[in-house]
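Okay, structure first, notes after.
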Amino acid sequence: MDITLTPEQQALQLEIREYMKSIMTPAMIEEMKDPEYYEGGGPEYRKGLRQMGQDGWIALSWPKEYGGREATAIEQYIFTEEVMRSGFPYPFLTTEAIGPILAEYGSDEIQETVVKGILQGEVVIAIGYSEPGAGTDLAALKTRAEKNDAGWLINGQKIWTSLANFSDYVWLAARTDQDATKKHKGLSMFLVPKDNPGFSHTPIWTLGVRTNATYFEDLQLDDKYQIGEVNKGWRLITGQLNRERLSLVNHGPIQILYEDVATWAAETKGRDGQPIISKPWVQTNLAKVKTGLEVLRVMNWKQAWAIEENRLGMEQASVAKVYGTEYFVEVYRLLMEVLGQDATIGGDSPGSLLQGRLEHRYRVGSILTFGGGCNEVQRDIISAAGLWMPRAR
């Protein structure tokens, strides 16, 4: 089986790689040094995202009626890979996971304003799932949405709502049937505008990365912002999470780290006067990273194909998520061993290597092992849905 990219896909890859150099300007790179803007939200970020939308890149695989080019899912993955390789804090959960759901289930007005806004680089959406008492067991969430004459009255609290400090909307899961026996069947999905007076948020800093606690106090929401069927939101949640888990393990950022460390090892001499890359253990570390990269690349391409064929199962997404996130942590360790103790110096501090990128990745890498669904639960999904093993009581 030939799994290489076609000449056209290779040309697309190089085109996007060159294009992203115009987006990752010195001003953009400088802005991202501020922890508040590391994951986006600053003026340079908004400028770059709008430019990508105006140039038609965000809508690459979308239908022409949305301004898209109707590219394949593989080509969409190539685009996302190159964007993330460049270091741009791309809101892939908005564009790759929530956008398609809104396009399928949202009203004409939502599609005209929100979906097209996403594709134009004007709209970013945060995900409001986890709560202080409902993280791993998401269906235990207690945020309430009650129907009234004006639409929906929402009350509750979410936690780990990343990007909520600068997003335009929150994709919110809330309980619309209070019958405790209908745990998974009593949830509905809402799109909450951030400028609603009933919404507020406070920061939570974890390992140098900002996330948020979000609050919904007597938040009155128009009917048009209720997405999909009432009490049948679990299907939308799992559909979104399947795409999210694949997006979390895009191999682009790891590929560039591997290349930079390999180049450093080839150009830097050890105490014996020989290039560091000549040492057998260094070659072994780099080989482990490279082979793992190839596995992840093929795995992601397969998942992209499955999305295009409408055959992506939750067990497949969970396999990619478990392998990719745990592989990332091991990659950072192997590459830091090659760089030596200076790899632990962060940011622009004297003596830091690779602008502290590897130190930062290693520090925050464990977050992805539980973000988007903790890996312990993913293993349960793989065993039950993928291997048909009996579920634990």
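Aromatic ring orientation, Phe190 versus Trp152: perpendicular (interplanar angle above 60°, classes split at 30° and 60°).
Glu122 is linked by a side chain to side chain donor-acceptor pair (under 3.5 Å) to nothing, counting only residues two or more places apart in sequence or in another chain. Shown here are the salt bridge (charged side-chain N to carboxylate O under 4.0 Å, His left out) partners of Glu109, two or more places apart in sequence or in another chain: Lys224. Residues that satisfy the salt bridge (charged side-chain N to carboxylate O under 4.0 Å, His left out) test with Glu359, not counting sequence neighbours, are Arg363. With sequence neighbours excluded, no residue forms a ring pair (Phe, Tyr, Trp, His ring centres under 6.0 Å) with Tyr362. Every residue meeting the side chain to side chain contact (heavy atoms under 4.5 Å, CB included) condition with Gln51, not counting sequence neighbours, appears here in chain and number order: Tyr19, Ile23, Gln54, Asp55. Take Tyr37 and apply the ring pair (Phe, Tyr, Trp, His ring centres under 6.0 Å) test, not counting sequence neighbours, and it matches no residue. With sequence neighbours excluded, no residue forms a salt bridge (charged side-chain N to carboxylate O under 4.0 Å, His left out) with Lys269.
The six-membered or imidazole ring of Tyr45 lies away from that of Tyr38, with a centre-to-centre distance of 6.0 Å or more. For His251 and Tyr77, the ring centers sit closer than 6.0 Å to each other. Residues Tyr215 and Phe199 keep their aromatic ring centres 6.0 Å or farther apart.
Here Trp160 sits in one hydrophobic cluster together with Ile159, Ile204; the rule is ILVMFWY side chains under 4.5 Å apart, joined directly or through other members. Grouping Ile, Leu, Val, Met, Phe, Trp and Tyr by side-chain contacts under 4.5 Å, direct or through others, leaves Trp388 on its own. Here Leu14 sits alone; no ILVMFWY side chain lies under 4.5 Å from its own, so it joins no hydrophobic cluster. Side-chain heavy-atom separations under 4.5 angstrom define the hydrophobic clusters, and Ile345 shares its cluster with no other residue.
Side-chain atoms of Gln157 never come within 3.5 Å of backbone atoms of Glu131 as a donor-acceptor pair (strictly under, hydrogens ignored).
Screening residues 338-347 for side-chain hydrogen bond (donor to acceptor under 3.5 Å, both in side chains), with sequence neighbours left out, gives no hits.
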